[in-house]
Amino acid sequence: MSAVASELPSWAQVSEKRVAHIGRVTALLDQWARALTLPSQEARAWHDAGIYHDALRDASESELRALAGDHAGYTTEMLHGPAAAARMIAEGESRAELLDAVRFHTVGSSAWGRLGRALYMADYLEPGRKFSRSDRAYLASQVPHDFDATFRQVLRARLEWSLREGMRLFPEAVALWNTVR
Ligand SMILES: [Fe+2]
Ligand SMILES: [Fe+2]
């Protein structure tokens with residue numbers, strides 16, 4: 001069992017491929033937390049955000065809907081954020097920033113502080129994704145030096161992709177963009 005797999009909660013539902021993604025996201029967050037010399041509690045929360053964000057990524061839609069509650073505008077792919085946060089609360093998790101990071105990682109939130117933004121970036125910039133490898137590696141290297149500008153670029157890239165693909169823009173993502181542009 002990989003180190004990451006042993007850290008996943010017992011209720012996690014993830015394929016092997018997904019475990020590898022979770023490992024890369026968590027490693028990137030750890031790397032940034034070290035470079036930013038975050039206090040140990042904050043670094044721990046960044047680490048846990050990586051571990052938990054996709055813990056229910058491969059759960060069934062009915063299970064996700066039951067856990068996530070009323071998220072009428074959400075597509076199935078977006079439900080695993082609120083579902084994981086709900087499950088974490090049920091298990092006694094109370095770190096609000098961590099819960100908000102996990103809950104909204106699939107859409108974005110303008111209420112996010114540094115943790116939510118870091119998770120959103122790590123999820124997109126982790127090196128296992130096949131597109132725009134060198135651009136994304138460069139952005140990942142910039143996070144400790146220029147966190148806000150890098151976040152803006154990542155958000156812009158994700159919104160641009162949604163527009164190009166003709167996807168719907170979610171109001172949460174638009175509101176977030178309006179706070180950082
Ligand atoms: Fe996710
Ligand atoms: Fe992810």
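Remember, it's 1-based here, ligands and their atoms both numbered in the order they're listed. All values below were derived from every heavy atom in this structure, side-chain atoms included, with hydrogens, water molecules and symmetry-related copies excluded.
Geometry at the Fe ion (ligand 2): NE2/His53 and OD1/Asp123 form an angle of 100°, nearest 10 degrees.
Using a cut-off of 2.8 Å, one finds that His105 contributes an N/O/S atom close to the Fe ion (ligand 1). Residue Asp54: an N/O/S atom is found under 2.8 Å from the Fe ion (ligand 1).
Taking the ring centre of Phe131 as origin, the terminal cationic atom of Arg136 falls inside the region bounded by 6.0 Å and 45° from the ring axis. Seen from the ring of Tyr74, Arg65 does not count as a face-on cation partner, given the 6.0 Å and 45° thresholds.
The pair Arg44-Asp48 meets the salt-bridge criterion, with a side-chain N (NZ, NE, NH1 or NH2) lying under 4.0 Å from an Asp/Glu carboxylate O.
If you chain together hydrophobic residues whose side chains sit under 4.5 Å apart, Phe170 and Met167 never meet in one group.
Closest N/O/S atom of His80 to the Fe ion (ligand 1): NE2.
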